[in-house]
*Asks:* 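Before anything else, here's the structure in question.
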Amino acid sequence: MSLDTSKDNVIEVSGLYKHFDQVTAINGLDFTARRGVTTALLGGNGAGKTTTIAMLLGLLLPSSGNIRILGEDMLKHRHRLLHRMNFSSPYVDLPQRLTVRQNLTVFGHLYRLPALKQRIAKLAEDLNLSQLLDRPYGKLSAGQKTRVSLAKSLINEPEVLLLDEPTASLDPDTADAIRTHLEQYQQRTGASILLASHNMTEVERMCSDVIMLRAGKVVDTGSPDALLARYGRTSMEEVFIDIARDRAPQ
Ligand SMILES: Nc1ncnc2c1ncn2[C@@H]1O[C@H](COP(=O)(O)OP(=O)(O)OP(=O)(O)O)[C@@H](O)[C@H]1O
């Protein structure tokens, strides 16, 4: 009898391709991400992380291949699934002239959330945004915008959270507070997180599984501990460099 693993996997990607004119950004991608844990999506610049996340959200259409999220076909049931998902990305800006509160209110209405005022107040408190709520989003610093983007990504209490470099522009103290908040959110809700990051300390701290991409394909996977053992290294930074440079495990 074969085991049915689909219930444990929150994201299932198979045979995925994305071509932009002459560029093949995603070149036959297959991976799964487990429910209730944080999975790192790693790779050097241009490896295909952002393109993958955009396809998982239905913001970009694949050239071919399949994406299943929470057991459903993303391409067929995008609208139903998007209510159960959210994302944060430095590449997607929010309306500049609206205040932080107005921005979060617009997103809250999109998800038809009840008790939105209280929800925004709680998120602002958790993410240290209370002082910024009535300032225009466009006038905030890069790190402040990142925190607003994270608040937006949590507003509907998503079951699946896609985070593209969530702490890239944050100072070490704020980044640590954000990681703690995400860990607590995951413990409270059982959410699954896919995290694209260049910060290997963050990966070691937060991720149970790692998917390593190069040129739009998976080149290695495993838990951080398994990868450290396989490559004979003491840090994920060293493992990352080995894989990115196509060095075989020692
Ligand atoms: N709209 C586009 N048109 C043409 N090529 C694109 C487009 N978007 C991405 N690409 C190309 O696809 C490849 C993957 O890019 P992607 O942004 O997904 O990489 P990434 O892993 O997120 O990189 P980084 O770590 O630099 O953010 C790159 O070669 C990039 O130049």
Side-chain angles (χ1 to χ4, degrees), residues 11-33 38-69 74-75 78 82 85-94 142-143 145-150 152-153 160-170 175 178-179 182 192-207 209-222 224 227 231 235-247:
I11 300 172
E12 299 171 290
V13 168
S14 58
L16 196 67
Y17 287 82
K18 180 66 188 177
H19 310 288
F20 296 104
D21 300 323
Q22 284 95 331
V23 180
T24 297
I26 299 298
N27 192 15
L29 190 60
D30 298 289
F31 74 85
T32 55
T38 299
T39 301
L41 189 63
L42 305 185
N45 294 134
K49 304 174 297 292
T50 299
T51 306
T52 302
I53 288 177
M55 289 194 281
L56 294 177
L57 287 162
L59 299 173
L60 270 180
L61 274 182
S63 303
S64 58
N66 296 302
I67 300 172
R68 294 184 75 77
I69 298 180
M74 181 60 192
L75 296 172
R78 178 168 179 254
L82 284 179
M85 302 168 64
N86 211 324
F87 76 103
S88 165
S89 168
Y91 308 112
V92 180
D93 242 345
L94 303 181
K145 283 183 176 172
T146 300
R147 270 152 49 214
V148 176
S149 176
L150 280 161
K152 185 234 83 170
S153 78
V160 181
L161 183 56
L162 308 179
L163 300 175
D164 199 348
E165 311 234 19
T167 58
S169 54
L170 301 181
I178 293 293
R179 287 175 199 131
L182 288 169
S192 314
I193 301 178
L194 187 71
L195 173 77
S197 177
H198 291 305
N199 184 321
M200 293 305 119
T201 312
E202 177 166 276
V203 170
E204 283 169 16
R205 167 169 165 180
M206 293 186 65
C207 299
D209 299 328
V210 171
I211 297 163
M212 186 77 193
L213 304 184
R214 194 185 324 115
K217 270 189 194 164
V218 175
V219 287
D220 213 340
T221 58
L227 289 168
Y231 285 82
S235 74
M236 277 302 295
E237 189 105 14
E238 294 168 315
V239 171
F240 182 100
I241 293 170
D242 283 344
I243 299 176
R245 295 183 185 168
D246 201 11
R247 286 190 200 133

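Whatever order the structure lists ligands and atoms in, that order sets their numbers, starting from 1.
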*Asks:* Between Leu56 and Met74, is there a side-chain heavy-atom distance shorter than 4.5 Å?
*Replies:*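 With C-beta onward as the side chain, the pair stays apart.
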*Asks:* Below 3.5 Å, N or O to N or O, backbone or side chain included: is there any such pair between Phe20 and ligand 1?
*Replies:* no
*Asks:* Using a strict cut-off of 4.0 Å, indicate which atoms of ligand 1 neighbour a heavy atom of His198.
*Replies:* 25 (O)
*Asks:* Would you mind checking which non-hydrogen protein atom is closest to atom 25 (O) of ligand 1, with the distance to 0.1 Å?
*Replies:* Lys49 NZ, 2.7 Å
*Asks:* Return the residue, atom name and 0.1 Å-rounded distance of the protein heavy atom closest to atom 28 (C) of ligand 1.
*Replies:* Gly46 O, 3.8 Å
*Asks:* So is Ala25 polar-close to ligand 1, meaning N/O to N/O under 3.5 Å?
*Replies:*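 No, Ala25 has no N/O under 3.5 Å of an N/O on ligand 1.
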*Asks:* Hey, is ligand 1 close enough to Asn45 that some N/O pair sits below 3.5 Å?
*Replies:*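 Yes; the residue has a nitrogen or oxygen that sits under 3.5 Å from a nitrogen or oxygen of the ligand.
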*Asks:* Any side-chain heavy atom of Thr38 within less than 4.5 Å of one from Arg179?
*Replies:*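 Result no, sub-4.5 Å side-chain heavy-atom pair not found.
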*Asks:* Can you name the nearest heavy-atom pair linking Pro166 to Leu150, along with the distance?
*Replies:*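 That would be O-CD1, 3.8 Å.
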*Asks:* Look only at the side chain of Glu204 and the backbone of Pro224, and say whether a donor-acceptor pair between them is shorter than 3.5 Å.
*Replies:*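 Looks like no, no N/O pair under 3.5 Å.
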*Asks:* Would Thr52 count as being in polar contact with ligand 1, using the rule that some N or O on each side must be under 3.5 angstrom apart?
*Replies:* no
*Asks:* Is a side-chain N or O of Lys18 found less than 3.5 angstrom from the main chain of Leu61, in a donor-acceptor match?
*Replies:* yes
*Asks:* Around atom 30 (C) of ligand 1, find the nearest protein heavy atom and jot down its residue, atom name and distance.
*Replies:*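 Ranked first by proximity to atom 30 (C) of ligand 1 is Val23 CG1, 4.8 Å.
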*Asks:* Of all heavy-atom pairs between Gly48 and Leu213, which one has the smallest distance, and what is that distance?
*Replies:*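 Closest heavy-atom pair between Gly48 and Leu213: C-CD1, 4.0 Å.
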*Asks:* I'd like to know whether ligand 1 has Gly44 as a neighbour, heavy-atom separation below 4.0 Å.
*Replies:*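 Contact check Gly44 vs ligand 1: positive.
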*Asks:* Suppose we measure from atom 27 (O) of ligand 1 to each protein heavy atom; which comes out shortest, and what is that distance?
*Replies:*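 Protein heavy atom with the smallest distance to atom 27 (O) of ligand 1: Tyr91 OH, 3.4 Å.
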*Asks:* So do Val13 and Met55 actually touch side chain to side chain, heavy atoms under 4.5 Å?
*Replies:*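 Not in contact.
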*Asks:* Could you report the tightest heavy-atom contact between Cys207 and Thr39, atom names first, then the distance?
*Replies:* SG-C, 4.2 Å
*Asks:* Could you list which atoms of ligand 1 come closer than 4.0 Å to a heavy atom of Thr51?
*Replies:* 9 (C), 14 (C), 15 (O), 16 (P), 18 (O)
*Asks:* Atoms of ligand 1 less than 4.0 Å from Thr50 heavy atoms?
*Replies:*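 In order of numbering, the contacting atoms are 17 (O), 18 (O), 20 (P), 22 (O).
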*Asks:* Would you check whether Gly48 reaches within less than 4.0 Å of ligand 1, judged by its heavy atoms?
*Replies:* yes
*Asks:* Taking all atoms of both residues into account, what is the closest heavy-atom pair of Leu227 and Gly222, and its distance?
*Replies:*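 Closest pair (atom of Leu227, atom of Gly222, distance): CD1-O, 3.8 Å.
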